[in-house]
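Report on the structure given below.
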Amino acid sequence: MPPSMESVLLTPSQLQSVSDLTYMILFGVIQVILCQIPNFHKLWGLSIIAAAMSFTYATVGFGLGMAKVIENGEIKGNLGGISASTSLTQAQKVWRMLQGLGDIAFAFPYTSIVLEIQDTLKSTPPENITMKKANLLSVSITTTFYMLCAFLGYAAFGENAPGNLLTGFGFYEPYWLIDFANACIVVHLVGAYQVYCQPIFACVEGWFSHTWPDNKFIKEGIPIRIPFCGRCRVNLLRLCWRTAFVVSTTGIAIIFPLFNDVLGILGALNFWPLVVYFPVEMYIAQNRVPRWTIKWSIFQIFSFISLLITVITAAGSLEGLVKDKGT
């Protein structure tokens with residue numbers, strides 16, 4: 001084979017890296033466009049689509065997991081420790097458990113967008129009553145779906161269950177169902193990115209507006225004509241700042257293409273301050289809970305235990321990130 005031809009050919013792992021890089025860049029380009037949505041109030045359509053996709057791929061996931069358990073004729077994995085069929089050591093299993101706790105913790109900081117959601121509600125009935133009902137219903141449904149995926153995935157694959165459950169089924173029938181579920185994951189992540197980023201955009205842009213209230217770059221927009229969309233005004237601050245944010249996050253994803261490990265670290269770091277510490281301290285201050293009372297002590301113990309969970313899950317996720325990055 002000519003040397004020039006050998007330099008063109010890539011190994012399967014290199015081809016996979018090129019493919020992943022292409023998808024990451026494409027995802028970033030889509031987010032650059034969607035990030036120009038002005039505020040959280042305009043995301044209702046995208047949020048509904050993302051939620052529907054989440055329930056769809058979760059249903060496919062635990063359905064295939066149940067089918068795999070039936071096919072195996074046994075339940076793999078156990079509560080007592082490492083089974084004889086796996087190469088994982090006890091230490092590796094502990095690290096993976098800590099990383100899993102970090103992944104779970106990432107789901108809890110939705111508290112950062114609760115106020116944004118509540119702000120979109122009508123005042124009748126009172127927003128706090130509506131949000132309590134919505135929280136109870138949404139968390140119950142989400143927990144049920146994802147716990148089914150977790151239990152059936154572990155029952156199907158044991159300690160060798162992959163981070164993305166759908167990859168564990170390989171290239172088996174039905175092809176179209178697994179491809180459809182993976183497509184649902186992509187659509188869900190597109191919407192989830194916007195839901196989590198819009199409060200950040202609003203916070204930063206609000207600070208700019210408060211600091212420089214008369215700056216035309218911040219306040220005014222440029223009228224442009226977009227094909228098939230008509231005429232609209234583009235705010236220069238929104239265009240520049242949000243594009244830079246998406247480019248930076250896409251760059252980090254390309255440098256560290258380790259979804260579960262990064263997710264675990266972010267979840268661990270966000271869990272204690274956003275989910276526990278600040279809400280607890282606000283409750284204590286609002287209700288004037290006296291120091292060193294039983295109620296105050298219980299809150300402090302709860303906060304301290306949550307801090308310990310944050311530290312150990314961050315350590316487990318960081319260990320997984322370093323290990324996977326090295327391989």
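- When every heavy atom of A50 is checked against every heavy atom of A192, the shortest pair comes out as CB-N, 4.4 Å.
- Using a 4.5 Å heavy-atom threshold, the side chains of I25 and I254 count as touching.
- Atoms CG and CZ, from L236 and R238 in turn, are 10.0 Å apart once rounded to the nearest 0.5 Å.
- Note that CD1 of I200 is 7.0 Å distant from CH2 of W241, once rounded to the nearest 0.5 Å.
- A 6.0 Å sphere centred on CE of M66 holds no more than 12 heavy atoms belonging to other residues, nucleotides or ligands.
- Nearest heavy atom pair, residue I284 against residue Q300, reads CD1-NE2, 3.5 Å.
- Following chains of ILVMFWY side-chain contacts shorter than 4.5 Å, one can reach I30 starting from V195, so the two form part of one hydrophobic cluster.
- Around the CD1 atom of I75, the shell of radius 6.0 Å holds no more than 12 heavy atoms that belong to other residues, nucleotides or ligands.
- Within the 4.5 Å cutoff, the side chain of S54 has heavy atoms near those of the Y146 side chain.
- Once rounded to the nearest 0.5 Å, the distance linking CG of L307 with CD1 of I312 reads 10.5 Å.
- With hydrogens and angles disregarded, no donor-acceptor distance shorter than 3.5 Å links the side chain of Q194 to the backbone of V190.
- Nearest heavy atoms, N235 versus I218: ND2-O, 2.8 Å.
- For the pair C35/F245, no side-chain contact is recorded, criterion being any heavy-atom separation below 4.5 Å from C-beta on.
- Hydrophobic clustering (side-chain heavy atoms under 4.5 Å, transitive across Ile, Leu, Val, Met, Phe, Trp, Tyr) groups F27 together with L43.
- Contact annotation: the side chain of T56 approaches that of F180 to within less than 4.5 Å [non-hydrogen atoms, C-beta and beyond].
- Residue F151 places its CZ atom among 12 or fewer non-hydrogen atoms of other residues, nucleotides or ligands, all under 6.0 Å distant.
- Atoms CZ and OG1, on F299 and T293 in that order, are 9.5 Å from each other to the nearest 0.5 Å.
- Closest approach of P279 and P273 over heavy atoms only: CD-O, 4.0 Å.
- Across every non-hydrogen atom of A58 and F145, the tightest pair is CB-CD2, 3.9 Å.
- Looking at Q36 and T243, their side chains come closer than 4.5 Å, going by heavy atoms from C-beta outward.
- Counting non-hydrogen atoms of other residues, nucleotides and ligands closer than 6.0 Å to CG of L308 gives a total above 12.
- M147 and F55 fall into different hydrophobic clusters, where Ile, Leu, Val, Met, Phe, Trp and Tyr are joined by side-chain heavy atoms under 4.5 Å apart, directly or via other members.
- Atom CZ of F217 is separated from atom CG of L239 by 8.0 Å, given to the nearest 0.5 angstrom.
- Although no hydrogens or angles enter the test, the distance criterion places a donor-acceptor pair under 3.5 Å between the side chain of S306 and the main chain of F302.
- The two residues V246 and G28 make their nearest non-hydrogen contact at CG1-O, 3.4 Å.
- Within 6.0 Å of the CH2 atom in W44, the count of heavy atoms belonging to other residues, nucleotides or ligands does not exceed 12.
- Cluster annotation: V204 is connected to F201 through the hydrophobic network of ILVMFWY side chains, with a link wherever side-chain heavy atoms come within less than 4.5 Å.
- Panel note: side chain S138, backbone N135; a donor-acceptor pair is recorded below 3.5 Å.
- Distance alone, capped at 3.5 Å, places no donor-acceptor pair between the N215 side chain and the S209 backbone.
- The closest donor-acceptor contact from the side chain of S140 to the backbone of L136 lies under 3.5 Å.
- Hydrophobic clustering (ILVMFWY, side-chain heavy atoms < 4.5 Å, transitive): V276 and Y283 are in one cluster.
- Summarising the geometry, atom OG1 belonging to T250 is positioned 5.5 Å from atom OH belonging to Y193; distances are rounded to the nearest 0.5 Å.
- Side chain of T313 to main chain of T310: a donor-acceptor pair is present (N/O by atom type, distance under 3.5 Å, no hydrogens or angles).
- Among the candidates F304, Y277, F278, the single residue satisfying the ring pair (Phe, Tyr, Trp, His ring centres under 6.0 Å) test with W272 is Y277.
- The closest side-chain heavy-atom distance from I185 to N182 is below 4.5 Å.
- Formation of a donor-acceptor pair under 3.5 Å by the R242 side chain with backbone atoms of I37 is found in this model.
- Remark: side-chain polar atoms of T142 are not paired, donor with acceptor, to backbone N or O of V139 under 3.5 angstrom.
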